[in-house]
Amino acid sequence: GQPPPAPRRGRGESADEFDKTSLGASCIVVALLCDALLGNMQQRVLQGGTSVEMLVFCQAGFGTLAMGLVAGASDKLGPGVAMMRADHRVAGAILLWAVAITVGVTLVMRLVGEFSAVTAVAVTTVRKAATLAASYILFPKPLGWGHVGGAALVFGSAFVKHALGRRKA
């Protein structure tokens, strides 16, 4: 009865683990490319006279439409709505999540509009690093040298971006 073990590919990873790692790495690369474009595009739109509120409204509206189409096409919309109807705690958590995201996006847009995309990226990078540090403080977990090196790279890159942004100004 047991199925044969999955074939291994380097470092003891199975083919399935390798495929998941490759997919995850690909998703991160695409997300980074989108992030690199997003701040500058937002800055251009805001410099063209669009208000922060209108930009946030349009982004949220088009994002909701796109997510609805994707969820509908993948047959996840119906079960998702049923889950929210069945458990009001889930619906409440999703509502709070949506409000938190909207507030966060609005504040980042204000940074982009009042300063620059580079400043907004520097602030959000430091915020993410601080959030990660708080996670380790509030919910202790093992730390390794990779974590320390990664934190140094994150804070170092934020410093370099900030310094380069000042040099250009």
Any donor-acceptor pair under 3.5 Å linking the side chain of [X] with the backbone of [Y]?
X      : Y      : result
Ser26  : Ser22  : yes
Gln43  : Ala117 : yes
Ser135 : Thr131 : no
Thr50  : Leu46  : no

Can you hop from [X] to [Y] via hydrophobic side chains spaced under 4.5 Å?
X      : Y      : result
Val45  : Val105 : yes
Leu55  : Ile101 : yes
Val123 : Phe115 : yes
Leu38  : Val108 : no
Val99  : Ile94  : no

Value rounded to 0.5 Å, distance of [atom1] in [X] from [atom2] in [Y]:
X      : Y      : atom1 : atom2 : result
Gln42  : Leu111 : CD    : CG    : 11.0 Å
Asn40  : Asp35  : CG    : CG    : 11.0 Å
Ile28  : Leu23  : CD1   : CG    : 10.0 Å
Thr106 : Phe57  : OG1   : CZ    : 12.5 Å
His88  : Leu95  : NE2   : CG    : 13.0 Å
Lys76  : Met67  : NZ    : CE    : 13.0 Å

Q. Does a side-chain heavy-atom distance below 4.5 Å link Ser116 with Val112?
A. no
Q: Might you confirm whether atom OH of Tyr136 has over 12 heavy atoms from other residues, nucleotides or ligands at distances under 6.0 Å?
A: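 More than 12 within 6.0 Å, yes.
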Q.
Could you go through Arg110 and Glu53, starting from their C-alpha distance and side-chain angles, then the distance that decides it, and tell me whether this counts as side-chain contact (heavy atoms from CB on, under 4.5 Å)?
A. CA-CA 9 Å; Arg110 291 228 178 267; Glu53 292 78 13; 2.3 Å; yes
Q: For Val56 and Met109, work out which heavy atoms get closest and say how close.
A: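 The answer is CG2-CG, 3.6 Å.
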